[in-house]
Amino acid sequence: MNNIPIIKLKSIVLDCPDIQALSDFYIWMLGWEKDFVEEGDFLDIHSPSGGVKIAFQTNTDYIPPVWPEQPGAQQQMLHIDFAVQSTEDLECAVIHAIACGAAKAGTQYSDEWTVMLDPVGHPFCFVVG
């Protein structure tokens, strides 16, 4: 196959009941900027340094995933890993995310990363690296 196109990851899209509220959480936590709004049902945010965007799409029937996963319950579709530089930064990131409105997941599987839940229940992790 010589005709494989170049494909890049542009954004990760999270369904949620309120795109303004959830995007504001990630803007506050990450220090990112709001980028694009289309008819009130979709917007995205980006890092000032560039890279992949996080987008938000209104879903009025959104059901938060259960963490850790349980049979018969809403499963996560994906989670986002955010990198920090050190173990000390990991602890600071957790404290900051909680101050922004996240929750530390009750179940943790490693000391090398921390599982968090955003305000509408999407899991995300802080990892050193």
Side-chain angles (χ1 to χ4, degrees):
M1 293 197 159
N2 293 334
N3 295 338
I4 297 174
I6 297 172
I7 300 172
K8 295 185 202 177
L9 181 59
K10 178 181 177 182
S11 60
I12 295 170
V13 182
L14 300 176
D15 285 2
C16 60
D18 184 338
I19 61 173
Q20 297 295 333
L22 192 58
S23 66
D24 286 347
F25 161 76
Y26 281 99
I27 287 169
W28 186 19
M29 185 179 79
L30 300 171
W32 288 18
E33 299 169 352
K34 204 169 282 188
D35 196 32
F36 177 74
V37 178
E38 180 182 309
E39 299 178 20
D41 290 330
F42 185 89
L43 65 84
D44 61 40
I45 63 173
H46 67 277
S47 168
S49 63
V52 174
K53 297 178 180 187
I54 301 174
F56 307 88
Q57 180 172 308
T58 301
N59 179 346
T60 55
D61 295 324
Y62 173 78
I63 298 171
V66 174
W67 178 263
E69 295 158 341
Q70 299 171 13
Q74 178 66 36
Q75 303 294 306
Q76 69 174 334
M77 298 290 190
L78 64 88
H79 73 270
I80 304 171
D81 286 346
F82 295 106
V84 295
Q85 294 186 19
S86 68
T87 304
E88 294 80 24
D89 289 342
L90 180 67
E91 294 172 14
C92 290
V94 168
I95 292 167
H96 174 66
I98 291 169
C100 293
K104 185 175 178 180
T107 301
Q108 299 290 322
Y109 293 103
S110 175
D111 293 334
E112 296 180 26
W113 65 83
T114 302
V115 180
M116 305 292 294
L117 303 172
D118 75 16
V120 297
H122 296 108
F124 66 91
C125 296
F126 289 122
V127 298
V128 176

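Applying the side-chain contact (heavy atoms from CB on, under 4.5 Å) criterion to P71, with sequence neighbours excluded, gives no partner residue. Partners of V13 by side-chain contact (heavy atoms from CB on, under 4.5 Å), not counting sequence neighbours, listed by chain and number: S11, F42, A55, Q57.
Criterion: ILVMFWY side-chain heavy atoms under 4.5 Å apart, direct or through other members. Under it, V94 and V115 are not part of a common hydrophobic cluster. L117 and L78 sit in two unconnected hydrophobic clusters of ILVMFWY residues. Membership requires side-chain heavy atoms under 4.5 Å apart, directly or through other members. Transitive grouping of hydrophobic side chains (ILVMFWY, heavy atoms separated by less than 4.5 Å) keeps F82 and W67 in distinct clusters. Hydrophobic clustering (ILVMFWY, side-chain heavy atoms < 4.5 Å, transitive): W28 and M116 are in distinct clusters. Linking ILVMFWY side-chain heavy atoms closer than 4.5 Å, directly or via other members, places I98 and M29 in a single hydrophobic cluster.
Within the model, atoms CG of D44 and NZ of K53 stand 4.5 Å from one another, a figure rounded to the nearest 0.5 Å.
Tested against I54 for a side-chain contact (heavy atoms from CB on, under 4.5 Å), the candidates I45, I27, L22 yield a single pass: I45.
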Residues 121-129, side-chain donor-acceptor partners within the protein, below 3.5 Å, at least two apart:
unit_1	atom_1	unit_2	atom_2	d
H122	ND1	D118	OD2	2.9
H122	NE2	D15	O	3.0
H122	NE2	Y62	OH	3.3

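Here the side chains of P48 and E33 are in contact, with some heavy-atom distance below 4.5 Å. Side-chain atoms of V120 and P17, non-hydrogen and from C-beta on, do get closer than 4.5 Å to each other.
In the hydrophobic clustering (ILVMFWY side chains linked at under 4.5 Å, chained through shared members), V66 stands by itself.
Applying the salt bridge (Lys or Arg N to Asp or Glu O under 4.0 Å) test to every pair with at least one member in residues 84-98, sequence neighbours left out, gives no pairs at all. Evaluation of the side chain to side chain donor-acceptor pair (under 3.5 Å) test over residues 93-114, restricted to residues two or more places apart or in two chains, returns none.
Side-chain atoms of Q75 come within 3.5 Å of backbone N or O of Q70 as a donor-acceptor pair.
Using cut-offs of 30° and 60° for the angle between ring planes, the F56 and Y26 rings count as tilted.
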Checking side-chain contact (heavy atoms from CB on, under 4.5 Å) for the pair K34/Q20: CA distance, chi angles, key distance, verdict?
CA-CA 10 Å; K34 204 169 282 188; Q20 297 295 333; 2.8 Å; yes
